[in-house]
2 protein chains.
Amino acid sequence: MHRAGALPFGVRHMSATEPTSPSTLSPRAREVLAAARELLEEEGPDGLSMRRLGDRLGISAPAFYRHFPDKRALENTLIYEAFWDLGDLLLAAIEDSDDPITDLAAAYRAYALEHPHLYDLLYQRPLDRDSIDPAGETHAGEAIRRLSGNDPISARMIWAYAHGMIDLELKGRFPHGTDVTAVWRRGIASLKPALGL
Amino acid sequence: MHRAGALPFGVRHMSATEPTSPSTLSPRAREVLAAARELLEEEGPDGLSMRRLGDRLGISAPAFYRHFPDKRALENTLIYEAFWDLGDLLLAAIEDSDDPITDLAAAYRAYALEHPHLYDLLYQRPLDRDSIDPAGETHAGEAIRRLSGNDPISARMIWAYAHGMIDLELKGRFPHGTDVTAVWRRGIASLKPALGL
DNA sequence: GTCTATATCAAGATAGAC
DNA sequence: GTCTATCTTGATATAGAC
């Protein structure tokens with residue numbers, strides 16, 4: 001299998017002025033990637049097959065391999081970019097906020113509910129850390145690190161709560177009629193003091 | 001660890017005096033189930049195929065279908081029994097405890113770390129609630145309901161935190177060197193007051 | 001960059017004999 | 001309760017022509 005160094009296909013963000021558009025992908029590869037993301041978001045992880053991807057693009061399945069070495073490279077690129085997008089949203093949420101932890105939590109939940117299958121992709125398997133640029137993950141965690149004053153214990157505590165809430169909600173684990181927002185509120189209120197907020 | 005009641009095909013357990021040992025499975029089906037659980041725990045969800053299950057039992061793959069109607073029924077039985085076992089452990093953990101919420105958290109984490117693939121099975125997909133007796137889930141939640149004084153908001157808050165911690169740990173998401181126990185401690189300490197503890 | 005044809009593999013599940 | 005033989009489906013991926 002072809003490996004483009006430490007990065008999935010050399011995907012790396014190069015510019016400080018355009019952090020959300022990192023790419024060394026060819027234009028055609030970007031189209032393939034966009035179609036893959038649509039397919040994933042519409043049909044879930046099982047819908048993301050080479051055949052279906054080809055169908056969506058109007059090409060045959062094998063043509064995919066001219067653009068990515070294999071399926072994993074495609075998924076890794078999706079993961080990297082999703083982390084980056086999420087990081088942008090979370091940073092925007094806390095900027096100039098009067099209640100940054102609440103707004104952070106709301107933004108996190110909103111992203112997950114809008115992109116449930118993409119969120120799943122981020123967490124369903126161990127990260128392929130040999131092939132995914134860690135900058136995506138790092139960027140995703142930036143907002144919570146800032147709020148926690150760089151205290152890693154508290155940052156991970158709030159991350160775990162948020163992730164647990166999302167996972168239970170996305171997987172339909174809360175009983176019908178649960179006021180999920182109320183659970184969020186109480187959890188955030190309880191965890192806030194540990195962040196010094 | 002006890003042998004929990006099976007509920008493979010919509011049959012409910014009837015006895016209030018022996019809730020943890022009801023079974024309508026034939027002895028042979030129980031052997032199949034035990035082998036399936038071993039296989040799952042040793043090799044993960046992808047290892048649980050009919051062929052491999054047959055190999056482990058020394059029978060052919062199709063022979064399985066004399067004992068369960070299909071793979072999903074087998075998985076549902078595994079899920080039901082895992083919930084039941086977990087519920088037993090959690091109830092035992094809080095009984096006569098001086099610090100029940102801490103002991104509950106420790107027991108939950110211990111179960112997940114000892115049976116990571118089984119834990120995954122419990123949460124990786126939407127529950128097939130049409131085919132799984134809800135008694136298992138209910139039993140699993142009994143301890144936390146007691147601790148929270150039947151306040152569902154607080155119970156779900158603590159559940160989400162615990163699940164999030166487990167999921168991040170099992171999936172290797174915490175950076176190398178993270179003191180996971182310290183994160184647990186701080187989270188539990190922060191959430192405790194909301195439970196009135 | 002895309003095609004057709006194909007290799008390879010493995011999955012869940014059924015039929016019917018014993 | 002188990003067997004052999006088989007069906008059906010669908011996955012990732014490669015070869016080689018255009």
Side-chain angles (χ1 to χ4, degrees), chain A residues 1-4 8-10 23-37 39-40 42-79 117 120-121 124-126 128 130-131, chain B residues 6 8-9 23-40 42-79 117 120-121 124-126 128 130-132:
Chain A
M1 177 179 7
H2 164 258
R3 271 278 164 78
F9 246 53
S23 179
T24 57
L25 293 181
S26 70
R28 189 60 174 136
R30 286 226 77 87
E31 291 172 16
V32 172
L33 185 67
R37 180 169 163 163
L39 188 56
L40 173 68
E42 288 171 20
E43 307 191 23
D46 292 346
L48 184 56
S49 73
M50 298 302 102
R51 283 169 169 79
R52 296 175 83 87
L53 182 55
D55 288 348
R56 178 170 286 252
L57 287 159
I59 62 177
S60 66
F64 163 83
Y65 294 91
R66 295 290 173 189
H67 307 288
F68 290 87
D70 54 31
K71 187 184 180 181
R72 164 154 267 185
L74 172 70
E75 290 176 330
N76 285 346
T77 307
L78 286 170
I79 289 169
H117 294 304
D120 264 359
L121 182 65
Q124 76 188 350
R125 284 182 296 195
D128 183 6
D130 292 338
S131 304
Chain B
F9 322 128
S23 176
T24 59
L25 291 182
S26 70
R28 188 60 174 136
R30 286 225 77 87
E31 291 172 16
V32 172
L33 184 68
R37 180 168 162 164
E38 284 173 25
L39 188 56
L40 173 68
E42 288 171 22
E43 307 191 23
D46 293 346
L48 185 55
S49 73
M50 299 302 102
R51 283 166 171 79
R52 295 176 82 87
L53 181 55
D55 288 348
R56 178 169 286 251
L57 287 159
I59 62 177
S60 66
F64 163 82
Y65 293 91
R66 295 291 175 188
H67 306 289
F68 290 87
D70 54 29
K71 187 184 181 184
R72 164 154 268 186
L74 173 68
E75 291 176 327
N76 285 346
T77 307
L78 286 169
I79 289 169
H117 295 303
D120 264 358
L121 182 65
Q124 75 185 352
R125 284 182 296 196
D128 182 7
D130 292 339
S131 305
I132 305 178

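Quick caveat: nothing in here was measured; it's all calculated off a predicted structure. The chains referred to below are lettered A, B, ... by the order of the sequence lines, with proteins before strands, and numbering in each begins at 1.
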Spacing of A:Lys71 atom NZ relative to C:dT8 atom P, expressed in whole Å: 22 Å
B:Phe68 atom CZ is separated from D:dG1 atom C1', nearest whole Å, by 14 Å
Can you tell me the distance, in whole Å, between the CG atom of B:Asp46 and the C1' atom of D:dG10? 15 Å
In chain order, what residues pass the side-chain hydrogen bond (donor to acceptor under 3.5 Å, both in side chains) check against B:Arg51, with sequence neighbours excluded? none
Looking only at the side chain of A:Met50 (C-beta and beyond, no hydrogens), which of the listed nucleotides D:dT12, C:dG12, C:dT2 gets closest? D:dT12
Atom CG of B:Asp70 to atom C1' of C:dA11: distance rounded to whole Å? 14 Å
Which nucleotide sits closest to the side chain of A:Tyr65: D:dA13, C:dG12, C:dA17? D:dA13
Whole-Å distance separating the CZ atom of B:Arg72 from the P atom of C:dG12: 13 Å
Who are the side-chain hydrogen bond (donor to acceptor under 3.5 Å, both in side chains) partners of A:Glu42, not counting sequence neighbours? A:Arg56
Nearest heavy-atom pair of A:Pro45 and A:Gln124: which atoms, and what distance? CG-OE1, 4.1 Å
Residue mapping more 5' on DNA chain D - nearest nucleotide basis, B:Arg51 or B:Ala29: B:Ala29
Heavy-atom closest pair, residues A:Met50 and A:Phe64: SD-CD2, 3.4 Å
Non-hydrogen atoms of B:Leu48 and B:Ala36 that approach each other most closely: CD1-O, 3.8 Å
Of all the heavy-atom pairs spanning A:Leu53 and A:Val32, show the shortest one and how long it is. CD1-O, 4.0 Å
Please report the end-to-end axis angle for the helix from C:dG1-D:dC18 to C:dC18-D:dG1, five pairs per end, rounded to 10 degrees. 0°
How far apart are the closest heavy atoms of A:Leu39 and A:Ser49, and which atoms are they? CD2-O, 4.3 Å
Round to the nearest Å and state the distance from B:Glu31 atom CD to D:dG1 atom C1'. 12 Å
Go through residues 52-62 of chain A and report each residue with a non-hydrogen atom lying under 4.0 Å from DNA chain C, sorted by number. A:Gly58, A:Ile59, A:Ser60, A:Pro62
Per atom distances to the A:Arg66 side chain, the nearest of C:dG1, D:dG1, D:dT12 is C:dG1
side-chain hydrogen bond (donor to acceptor under 3.5 Å, both in side chains) with B:Arg28: which residues, sequence neighbours excluded? B:Glu31
Partners passing side-chain hydrogen bond (donor to acceptor under 3.5 Å, both in side chains) against B:Asp128 (at least two apart in sequence or in another chain): B:Asn76, B:Ser131
Protein-nucleotide distance (B:Arg28, atom CZ; D:dT2, atom C1'), rounded to Å: 9 Å
Let me know the distance between CG of A:Leu74 and C1' of D:dA11, rounded to the nearest Å. 15 Å
